[in-house]
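Heads up, the thing below is written out as structure tokens.
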Amino acid sequence: APDIEGVHLRGGKVARGGLRWSDRQEDFRTEILGLVKAQQVKNTVIVPVGAKGGFVCKRQHNFTGRDEIFAEGQRCYKRFIRALLDVSDNVIDDEVIPPKNVVRHDEDDPYLVVAADKGTATFSDLANSVSEEYNFWLGDAFASGGSNGYDHKAMGITAKGGWESVKRHFREMGINCQTTDFTVIGVGDMAGDVFGNGMLLSKHIRLQAAFNHMHIFIDPNPESAKSWKERDRLFNLPRSGWDDYNEKLISKGGGIFSRRAKSISLTPEIQKMLGTKKGSMTPNELIKKILSMQVDLLWNGGIGTYVKASTETHTDVGDRANDVLRVDGQDVKAKVIGEGGNLGMTQLGRIEFALSGGRVNTDFVDNVGGVDCSDNEVNIKIFLNGLVTHGDLTVKQRNKILESMEDEVGEIVLDDAYCQAESISVTEQQGISLVKEQIRFIHTMEKAGHLDRALEYIPDDETLLEREKQGKALTRPELSVLIAYGKMTLKEDLVHDDIANDEFHAQNLVSYFPEELRRNYVKYMDSHPLRAEIIATVLANQMVNEMGCNFVTRLQEETGSTIVDIANAYVAAREIYGLGDVLVQTRALDNKADSQAQYDVLYYVRRTLRRLSRWILRNRPGKQSVKELINLYQADVDTITSQLDGMLVNEEVQEHEEMAQQWIEKGISADLAKYVSRLSSLYSVLDISTVAREKGKSIEQTAKLYYNLGDRLSLHWFLKQINGQGVDNNWQALARAAFREDLDWQQRQLTGQVMSCSCEPDKLDVIKALDEWIVSNEVSLHRWENILNEFKVGSVHEFAKFSVALRELMLLNLNCAANE
């Protein structure tokens with residue numbers, strides 16, 4: 001149009017993202033394209049996929065005063081919103097109504113929501129007024145925030161989400177940044193939502209330098225307590241800038257400097273802080289020097305791209321306004337970077353910084369809190385608006401309920417941010433041992449057409465394998481992308497009737513909402529229009545956060561199972577063994593236990609849960625509900641767990657105790673360490689339960705026999721040899737998994753054979769029965785012992801040796817069965 005031009009890009013039928021008032025008249029479409037790419041991966045933690053829109057006011061230059069320009073922006077925004085709704089389907093009386101005078105080439109598509117963004121942060125009420133004007137079905141859920149919504153700046157939710165990553169980075173360095181002073185530089189000012197809130201999240205921040213578009217703030221030796229109070233004052237001062245900072249509180253040699261100055265004189269204190277001998281610098285030179293100074297944390301809460309890779313040109317970055325300020329990732333000396341703002345670094349810049357030893361995720365990981373909060377608000381409003389429509393609530397009651405849940409919604413969002421960053425850390429700690437698995441996952445995503453490797457800056461196989469030789473694995477920014485794609489594809493696949501209609505999975509719908517709604521309105525939740533999508537999103541987030549990006553694709557390769565069956569097996573195993581509680585207990589040890597020990601425990605749980613899921617898929621094929629699987633094994637697992645040490649041989653108990661003690665010494669609680677260390681033995685309860693059921697014996701008798709047989713035949717020792725066998729490629733990894741499964745199956749069969757020696761289950765002395773069985777099968781067992789002796793010579797084995805040994809064990813099984 002003569003006065004406005006706009007574009008809106010959506011990644012799917014259920015999509016959300018901000019609409020921004022862009023100031024890039026010439027290339028705003030390129031800007032939106034870059035942002036929607038980031039939005040796609042950011043939205044992996046929420047129900048909708050990514051969307052992004054933007055408009056430019058083409059006659060803005062005709063206005064002079066700030067208020068006039070602002071009014072023109074509002075007018076153009078409303079016109080842009082009307083244009084979007086003119087071509088959107090609506091829902092009236094539960095029926096989809098297409099827009100008038102529009103030819104549709106797609107299916108019904110009524111879901112359209114918009115979010116606040118650059119320049120439109122205060123426009124939510126405007127958007128919702130247009131929604132009301134059009135009688136759009138979402139009402140004021142159309143644009144989150146607004147008069148009856150969650151104010152992100154007041155909640156500080158975007159900054160708090162990013163701070164979960166910052167706290168984790170510091171925790172991994174052995175520092176609690178909530179109790180220990182640390183130095184910071186920043187992009188932004190205290191009037192900004194993300195910067196302002198972020199710089200108030202710890203009273204131990206020593207902010208040495210920051211800049212916005214007008215000023216450079218420098219405080220070479222700040223006092224954390226006094227400076228926090230002053231930042232708090234500025235945050236609450238409307239439209240404050242760095243020039244409002246009380247210079248009397250700035251340490252010696254610091255000050256507030258205008259970016260319009262021709263030159264800035266550097267005091268000895270500033271020279272020392274920056275590590276330079278220069279007596280003066282231009283403002284732009286000073287900012288570049290600040291960005292590359294030695295400091296604990298760089299907090300980005302501003303707009304613009306300030307870090308690129310040394311292999312990139314400024315033109316590649318696409319942010320001409322900051323070309324003169326930008327530095328390379330390898331030159332940034334901050335220990336940690338927190339990305340509260342979008343696009344503060346290029347992805348290659350992040351990777352370069354991480355390869356140089358820096359700690360950083362990505363913007364879509366760190367600042368996910370805002371979009372997550374908005375989506376929770378929208379889905380709550382959709383639910384409550386349905387109750388209003390059907391006369392179960394008044395609008396006034398709805399608004400009161402919505403407001404009362406703000407704090408809990410914030411907690412839900414921060415938990416999402418915490419768990420996503422945790423997943424990256426658990427994977428990162430495994431280092432090069434997972435590189436080949438990750439390459440396999442990348443190939444799977446590429447073949448399915450989901451991942452464009454070049455677009456996401458994922459290195460080619462040769463580069464990754466070369467890194468592996470150098471002892472370097474994928475960086476956190478690269479892992480962030482893989483986790484996002486794992487969630488993105490899984491979320492889509494889990495929108496399935498077999499998931500949504502499973503009684504156990506359906507609990508995810510209830511748990512998604514705050515306590516107030518669970519307590520009073522649970523019976524209405526099944527009618528939520530996005531019921532299946534919410535269940536799928538909660539489940540996908542949990543699976544990828546706990547199990548890593550490639551859990552599903554790996555089990556698909558190994559078992560040929562469907563995604564629904566894999567999800568069922570995972571959830572059932574997690575519940576049967578109480579592993580959800582284990583994760584909660586482990587997370588509660590933050591700043592009490594060594595973070596690396598926590599990650600060891602979490603990875604041990606991840607590996608055990610993968611094996612349990614595989615067992616269920618191999619041994620319980622077919623359509624069984626999660627609840628049926630739980631009911632089948634829960635009681636037996638509980639029984640053996642409570643008596644395990646009395647059933648194991650002393651040597652295995654000692655092994656478990658030694659593993660537990662290593663964790664206990666690093667701060668893991670004793671009960672938790674002891675339980676997790678015994679998971680390798682408890683894993684076998686599924687086999688034991690199966691034998692007990694087949695033979696009609698008690699679970700206690702069967703377990704005692706199973707563990708003692710494993711010891712007498714050195715099967716437990718042989719399993720350790722299998723687990724210790726290194727793998728060089730995917731086929732060898734599959735072979736090792738197959739060896740484990742074969743050994744478990746053989747031990748199960750042998751246990752059943754010994755059990756068959758007695759037809760009186762109540763009188764069976766399992767140790768005596770085992771002794772008699774060994775005597776009667778002495779010849780067959782002798783051959784097995786000879787094979788084991790071959791293994792005990794040396795510690796490195798060929799894969800062929802395992803195949804031969806397992807074949808011999810199978811023959812032992814057959815011969816013993818024939819003797820019976």
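Side-chain atoms of D366 and S165 include a donor-acceptor pair closer than 3.5 Å. Between the side chains of H152 and S374, a donor-acceptor pair is found at a separation under 3.5 Å. Side-chain contact annotation: D600 with Q429, donor-acceptor N/O pair under 3.5 Å present. Counting only N and O atoms by type, the side chains of N541 and K491 include no donor and acceptor under 3.5 Å apart. When only modelled atom types and interatomic distance are considered, S425 and R476 share a side-chain donor-acceptor pair under 3.5 Å. Counting only N and O atoms by type, the side chains of Y512 and N379 include a donor and acceptor under 3.5 Å apart. Side-chain atoms of D581 and Y675 include no donor-acceptor pair closer than 3.5 Å. One side chain, E312 or T346, offers a donor N or O that lies under 3.5 Å from an acceptor on the other. There is no side-chain donor-acceptor pair under 3.5 Å between E428 and Y599. Checking T475 against R350 by side-chain atom types alone, no donor-acceptor pair falls below 3.5 Å.
Put simply, CD1 on I534 and CG on L539 are 13.5 Å apart, with the number rounded to the nearest 0.5 Å.
Each of D189, V187, I303 was compared with N212 under the side-chain contact (heavy atoms from CB on, under 4.5 Å) criterion, and only D189 meets it.
A salt bridge does not link K272 with E269: every distance from a Lys NZ or Arg NE/NH1/NH2 to an Asp or Glu carboxylate oxygen is 4.0 Å or more. For E478 and R467, the salt-bridge test passes: some basic side-chain N is under 4.0 Å from an acidic carboxylate O.
At a threshold of 4.5 Å between non-hydrogen side-chain atoms, the residues D117 and K52 count as touching. Between L609 and R574 the shortest side-chain heavy-atom distance falls below 4.5 Å. By the 4.5 Å heavy-atom criterion applied to side chains, F513 and I380 are counted as neighbours. Annotation: side chain of P514 is in contact with side chain of V409 (closest heavy-atom distance under 4.5 Å).
The minimum heavy-atom distance linking I185 with L291 is given by the pair CD1-CA, 4.1 Å. Taking each heavy atom of N361 and E339 in turn, the nearest pair found is O-OE2, 4.3 Å. The minimum heavy-atom distance between Q598 and T586, with the atom names listed, is NE2-O, 2.8 Å. Nearest heavy atoms, C177 versus W163: SG-NE1, 4.3 Å.
More than 12 heavy atoms of other residues, nucleotides or ligands lie within 6.0 Å of NZ in K381, so this atom counts as buried by the packing criterion. Heavy-atom contacts from other residues, nucleotides or ligands closer than 6.0 Å to NZ of K666 number 12 or fewer. Applying the 6.0 Å contact sphere to CG of D671 captures no more than 12 heavy atoms from other residues, nucleotides or ligands. No more than 12 heavy atoms of other residues, nucleotides or ligands sit less than 6.0 Å from atom CD of E403. Residue Y418 places its OH atom among more than 12 non-hydrogen atoms of other residues, nucleotides or ligands, all under 6.0 Å distant.
The aromatic rings of F182 and F170 sit tilted, their planes meeting at an angle between 30° and 60°.
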